[in-house]
Undergrad: 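Dropping a structure here in structure tokens format, bear with me for questions.
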Amino acid sequence: MPHDEIREPVRVLTFPRQTFVSLLVFCVFWEVLSHLAPVLGIPPFAIPSLVRIAKSIATITPIDIVVTLARVIGALIASFVLGLAMAMAMYRSDRLEKYLHPIVRLFMAVPVVSWILFAVLWFPGVEFRIGFVLVVVCGPVFMVDTLDAMRSVPRELRHMMQSFRPTGLQFFIKLMLPAIVPTIFTSWKVNISLAIRVVTIAELVGAVTGIGHQLSVAQELFSVADVFAWTIVLVALLFMLEAIVARVEHRLLRWRA
Amino acid sequence: MSVPPPIDVRGLRKVFWQTTTGQAVIAIDQLDLTIAPREVLAIVGQTGCGKSTFFDLMIGLEAPTEGSIRIGDKYPHADFDHFRGKIATVFQQDRLLPWRSALDNAKLPLELIGMDEDEQRKRALTWLKRLGLGQFTNAYPHELSGGMRQRVAIARAFVVQPDILLADEAFGHLDEVTAAELRETFLALARECGSTAILITHQLEEAISVGDRIVVFGKSAKLLADIHVAQWPKSKYALLREAIQFTLQNNRLDPRLKRIGAKAKRKKKR
């Protein structure tokens, strides 16, 4: 029988009391430490007070946030499309998978820093370099996750679907795509976090705009408060993107028990 | 209501090769069978006798190694697309798509044949209502009981009003009361639609109560017995069950089946 109980709506953005308390304790500890720094023999600039960090946050240039965000979103979309297309092709052709899989494994084993250096050496355009690094790092993750998800679609469902004789496209749209949606969301969450970290390093090395570049400037100026301010922005950006994905996920996967 | 084409199985053989050992496994060996239009045929057999392979060959997902299955003048595997919307299936598990509501699951085959959206909805609603699910059209599979989910699966099969209906142990996992009720509904709907129905089952009660005809498969789908249920008086059903049981256990025809079948035939002729 259908469940009669009223389900509590799933909260996408939660901020429980415990989180608030632990953050508050951390802030108090930090503030105390910043005041005690000279006594403990730590240079005062190394642990700036919360007021100093707040002042740095107030001076943050929104254009750098927008640029970084655009790079992350653009690269994630490109990686997703590429990863999905490759996964579909590999799902359909075992031979193609046998050839492509070792290459993908190789790409995934290369450290991010190496990709950044290759990009700097190979490509003159800054945007292309950053895009390349992000796609080459995130694309294989999307591909591997999607391919695994496609392989995990229960045989019974594939059998049932085939018994109704769909075309290849119908089979993919009506069965495979909806079946892999939960994995796609998980993959997006993993890749958002990865992309934020990678874009920061890429911008740190080869860009003149973006949060990574601003972090590099702050480091050159020995402004720990600015480093903190930009780091907080990065973390906030990550949480915001994750929250958006979680909201869309909750909406699209409401069929789940 | 169009008459479904007859089914003619000739010299059917299906061999599988084991991936690990490379050894050949004969799932079906030289099967000959004719199924008349609108007949309700129950296939019984022990586990591993090739019933499910026969099911896959009938729906065209597997190609015969030798021999053929002909439906009218077409072949379910070779003319795969021809049978879109003409063959429908009900499986042991409901196999509903969990992200689709009952209504969306029921209209899936109609989407695949490209029917107009309004018509899809109308037809699926009609069938769900006929199966007593009018109140649950928007429910997701996890919100329905096992019996209700199987009803949706039945609605999904009937919604295209197929020529041929195949049910693979469709009621085997349900409790006896629900199974009996669904069996009855299934049979009534199949007769009303004028479909040829093939039920694969290991439950003799189900085969006797549903089938116009029962075929008993031995190992490698060897046809051990072909019984026209109508030739048996209801008072002899217990004997029939016993004789089929004997046939299954000994992998050879029980003489009582031959005797009573022949007697019934003679009586009919007279």
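Every chain is numbered from 1, with letters handed out A, B, ... down the list of sequences. Keep in mind that what you see is a predicted model, and the values were worked out from it rather than measured.
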Undergrad: Going through the distances and angles, do B:Glu181 and B:Arg151 end up as a salt bridge (charged side-chain N to carboxylate O under 4.0 Å, His left out)?
TA: CA-CA 11 Å; B:Glu181 197 187 309; B:Arg151 280 173 191 276; 2.5 Å; yes
Undergrad: What parts of residues 175-200 of chain A touch chain B if we use heavy atoms and a cut-off under 4.5 Å?
TA: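 From residues 175-200 of chain A, the residues near chain B are A:Leu175, A:Pro178, A:Ala179.
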Undergrad: Please flag which part of B:Pro76 lies under 4.5 Å from any non-hydrogen atom of chain A: side chain, backbone, both or neither.
TA: both
Undergrad: For a quick check under 3.5 Å, do B:Glu169 and B:His202 share a side-chain donor-acceptor pair by atom type?
TA: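 There is such a pair between these side chains.
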Undergrad: Shorter than 4.5 Å, heavy atoms on both sides: which option in B:Asp56, B:Val160, B:Leu166, B:Asp81 has the most such pairs with chain A?
TA: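 Most heavy-atom pairs within the cutoff with chain A belong to B:Asp56.
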Undergrad: Using a strict 4.0 Å threshold on nitrogen-to-oxygen distance, state whether B:Arg121 and B:Glu117 make a salt bridge.
TA: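 Salt bridge between B:Arg121 and B:Glu117, a charged N being under 4.0 Å from a carboxylate O: no.
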Undergrad: Against chain A, label B:Leu96 side chain, backbone, both or neither, depending on which of its atoms sit under 4.5 Å from a heavy atom there.
TA: backbone
Undergrad: Between A:Arg92 and A:Glu97, is the closest basic N to carboxylate O distance under 4.0 Å?
TA: no
Undergrad: Between B:Met115 and B:Glu119, what is the shortest heavy-atom contact and its length?
TA: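 For B:Met115 and B:Glu119, the tightest heavy-atom pair comes out as SD-CG, 3.5 Å.
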Undergrad: Relative to chain A, which segment of B:Gln135 carries a heavy atom at a distance below 4.5 Å: side chain, backbone, both, or neither?
TA: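 Neither part.
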Undergrad: Enumerate the ring pair (Phe, Tyr, Trp, His ring centres under 6.0 Å) contacts for residues 79-98 of chain B, please, sequence neighbours excluded, ordered by first and then second residue.
TA: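 Counting only pairs at least two positions apart or across chains, the ring pair (Phe, Tyr, Trp, His ring centres under 6.0 Å) contacts touching residues 79-98 of chain B are A:His159-B:Phe91, B:Phe55-B:Phe91.
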Undergrad: Assign the ring pair A:Phe118 / A:Trp115 to parallel, tilted or perpendicular, where the plane angle (0 to 90°) is split at 30° and 60°.
TA: perpendicular
Undergrad: Between B:Arg100 and chain A, which part of the residue has a heavy atom less than 4.5 Å away: side chain, backbone, both or neither?
TA: side chain
Undergrad: Kindly assign one of parallel, tilted or perpendicular to the pair B:Phe158 and B:Trp127, based on the angle between their ring planes and the thresholds 30° and 60°.
TA: parallel
Undergrad: Hey, is the main chain of A:Phe123 close enough, under 3.5 Å, to the side chain of A:Arg129 for a donor-acceptor pair?
TA: yes
Undergrad: Would you mind checking which part of B:Ile87 comes under 4.5 Å of any heavy atom in chain A, side chain (CB onward), backbone (N, CA, C, O), both or neither?
TA: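 B:Ile87 touches chain A through backbone and side-chain heavy atoms alike.
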